[in-house]
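Just below is one structure, and these are the notes that go with it.
Order of the sequence lines sets the chain letters (A, B, ...), proteins ahead of strands, with each chain counted from 1. The structure displayed is predicted, hence computed values, not measured ones. Only heavy atoms go into these numbers, but all of them, side chains included; no hydrogens, no water, no symmetry mates.
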There are 2 protein chains.
Amino acid sequence: MQVTIKDIARECGVSVATVSMALSSKKTRVSEKTKAKVIEVARKYNYQPNNAAVSLVNKKSKLIGIVFNDLRNTHISSLFMEINNVVEKRGYSLVCHIIEDDGAVECDLLRNVGAGNISALIWAKSLEKYTNEEKKKLNDAILQLDVPVMTMDNYGFACEGTDVVFDYRQGGYIATKHLIDYGHRRIGCVAGKKNYQVTQERLEGYKMALQEAGISYDEKLVVYGDYTMNSGYMLFSYIMGKKVTAIFSMNDEMAFGIYRAARMYGVSIPEEVSVVGFDNVPFADVMQVPLTTIGIPVEEIGKYIGERTMELIECTEKKGRNVREYKPQLLLRGSTRKI
Amino acid sequence: MQVTIKDIARECGVSVATVSMALSSKKTRVSEKTKAKVIEVARKYNYQPNNAAVSLVNKKSKLIGIVFNDLRNTHISSLFMEINNVVEKRGYSLVCHIIEDDGAVECDLLRNVGAGNISALIWAKSLEKYTNEEKKKLNDAILQLDVPVMTMDNYGFACEGTDVVFDYRQGGYIATKHLIDYGHRRIGCVAGKKNYQVTQERLEGYKMALQEAGISYDEKLVVYGDYTMNSGYMLFSYIMGKKVTAIFSMNDEMAFGIYRAARMYGVSIPEEVSVVGFDNVPFADVMQVPLTTIGIPVEEIGKYIGERTMELIECTEKKGRNVREYKPQLLLRGSTRKI
DNA sequence: TTGAAAGCGCTAACAC
DNA sequence: GTGTTAGCGCTTTCAA
């Protein structure tokens, strides 16, 4: 049995209220002497306040909910580590919720999350193309949580928090433009899940670059995967069948799948086909032919999310909702060549 | 404000006790009629019990603590996903604690964890070579938690739970033996953190294989990194300076670092040096020269940990402590060659 | 079958 | 400066 405030009170010959105040970090009217005594006894018994009790009365806990799709992607796990690093230092812990892509489940999940007395929510999953009704349902569920919510996309939530967005459109544009600058005209696109907002944005960038160069858009050159390595692997033969000289892969994972398939089919990168990835995960630079890719400042983003979350939790005045945008960067490596 | 049991009681014209019982999954003596009514109203208001209150009275929460070093390693994040997948289905969530390698911090962390009203703890960080005093302190802190504790190593904790261990010694042996079978006599070892138990075990396997083949152990051929890609990268030139024809890398990450360095130095794998990794992360199979490595059944292990944890939480009778061991497997790919 | 009441551990008025 | 008390939302005796 953990020792409680009551045990300490008894031992010190004071009331529980005094103990509570003495142990509180707020400035109180407890005498130095009593305070010292209480702290000493508390330490002696290795006292730890019961979080459930504290949450119950404060209506807030030291827990921050975090929701994402898949942690196996290095890009996500790096983000996670960065966020955790910040909040942990302030005594908060992340409670994980991993969610498959399905609007219905999201609301169920939120009911669950809401019961958890979290102090904030970090919604790090990709935004999908929701119907208006789905959107409304999700927003209602979020509002009911009544805590600040950070998102990684423009969810349009009406609650306090920040939408931390990345300019995927620009990223798609830069990647494609680079290929065009290298003389490619027939550029395949291995896209991610079609119903993700971030997929559509990258695709717009891709189209924009093509249009700018006077290359007509051919939807046969665009093929949809699911952002996993395996999907890149599976899609390779289709896209090569379209006689492309270059591929824009919407993330590095899929690009790795492409590498693997290329090896299998004996197609060499970049001699026979140029490849640009997206994310800049650490492995991108390990390959025999390092992957040219679009960099995302994950450390910076993670740190910001963590700090902003803490600020929202600790600041009493409401701050409303704002947007913070990060920009892409082309990382030129070995997987693309001029033709 | 979330709706409470009280609101429902008022609306139904019954007492809170009745509502509580009606909503409980245990068999109760509430009339079907009342029960139906209560459930209907609860659903109407989207009622969710307040976890803090439930925890406070039950002394248990729907939270499971999990402690690890670094999630960026695909091997760890896969494990995490598997575990989460199992416990989430049963309504539990994982609360993350990431911890640097330092005994002192561990106990601090545990104090923190203990305050969180978790129902079980999954200690998925590597065991270090502790002094007896450190061991005792850690064990005491663990005992005070008074919840089942799963570990991924032989921590020797005295509490209820399971040590899920992997035969790293055998893994080290198999990896080295494979190299010896391929005719290598001068085999470098890029080890992980020296103070980790798992490092020492792999090293023992390495030595065992050498001895068996009548090759004398040369400690100059063993060099210690920290299991990150970067450390493999940094250590490459040293180990090549020792004129080895093969390298046993204690994990895949470091092997990738070796790949990268090899490319930089223009050393080809496996022509000039054979490499064996350890873990079998998905990327191992992506490389131009796929990495021969030691497989760990991560899915199986993660699933077992999740299920065993749930069993320990839900079963009332104490189950004591047991050990479950998993075995390594050599995955022959392209990074080793006969000489 | 249902209700009243106590209590889980803690905080914060309010009283002394 | 310190103690008394109410109450956070819920479960669980014990009475009715």
Side-chain angles (χ1 to χ4, degrees), chain A residues 1-39 41-42 45-63 91 111 114-119 146 316, chain B residues 1-39 41-42 45-63 91 111 114-119 146 316:
Chain A
M1 192 56 219
Q2 289 277 23
V3 4
T4 72
I5 218 174
K6 223 183 204 163
D7 303 318
I8 297 179
R10 195 180 321 110
E11 172 124 358
C12 294
V14 296
S15 73
V16 293
T18 305
V19 174
S20 174
M21 289 164 72
L23 260 23
S24 159
S25 54
K26 296 173 194 160
K27 58 173 179 301
T28 52
R29 323 98 356 133
V30 183
S31 73
E32 282 306 318
K33 214 174 81 187
T34 325
K35 188 162 177 171
K37 170 97 194 195
V38 167
I39 290 177
V41 174
Y45 289 111
N46 193 22
Y47 167 78
Q48 278 303 112
N50 179 311
N51 277 355
V54 177
S55 303
L56 185 55
V57 41
N58 289 343
K59 310 243 192 253
K60 279 289 173 284
S61 69
K62 294 283 192 178
L63 264 20
R111 286 163 47 92
N117 275 77
I118 51 167
S119 293
D146 194 29
T316 44
Chain B
M1 192 58 218
Q2 290 279 19
V3 3
T4 73
I5 217 175
K6 222 181 202 165
D7 303 319
I8 298 179
R10 194 179 323 110
E11 171 124 358
C12 294
V14 297
S15 73
V16 294
T18 304
V19 174
S20 173
M21 290 164 73
L23 258 24
S24 158
S25 54
K26 297 172 193 158
K27 59 173 178 301
T28 54
R29 322 117 330 152
V30 183
S31 72
E32 282 307 317
K33 212 175 81 187
T34 323
K35 188 163 178 169
K37 169 97 195 197
V38 168
I39 290 177
V41 174
Y45 288 111
N46 194 23
Y47 166 77
Q48 278 302 110
N50 179 310
N51 278 353
V54 177
S55 304
L56 185 56
V57 41
N58 289 343
K59 313 246 191 245
K60 281 284 172 286
S61 68
K62 294 283 194 180
L63 262 20
R111 287 163 47 92
N117 275 76
I118 52 168
S119 293
D146 194 30
T316 45

If you check the [X] side chain, which of [options] turns out closest?
X	options	result
A:V57	C:dT11, D:dG9, D:dT12	C:dT11
A:A17	C:dT1, C:dG9, C:dA12	C:dA12
B:V16	D:dT11, D:dG1, C:dT11	D:dT11
A:K59	D:dT12, D:dG9, D:dG3	D:dG9
A:Y47	D:dC10, C:dC10, C:dC8	C:dC10
A:L56	D:dC8, C:dC10, D:dT2	D:dC8
B:T34	D:dT12, C:dT2, D:dC10	C:dT2

Could you tell me whether B:S20 contacts a base, only the sugar-phosphate backbone, or nothing, with contacts defined as non-hydrogen atoms closer than 4.0 Å?
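Base: the residue B:S20, judged by heavy atoms under 4.0 Å, touches a nucleobase.
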
Closer than 4.0 Å, any side-chain N/O of [X] to the OP1 or OP2 of [N]?
X	N	value
A:S15	D:dG3	yes
B:S24	D:dT11	no
A:S55	C:dC10	no

Main chain of [Y], side chain of [X]: is a donor-acceptor contact present, judged purely on distance under 3.5 Å?
X	Y	answer
A:T34	A:V30	no
A:S119	A:S61	yes
B:N58	B:S55	no

More 5' along DNA chain C: A:K6 or A:N58, using each one's nearest nucleotide?
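Taking each residue's closest nucleotide, the earlier one in sequence belongs to A:K6.
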
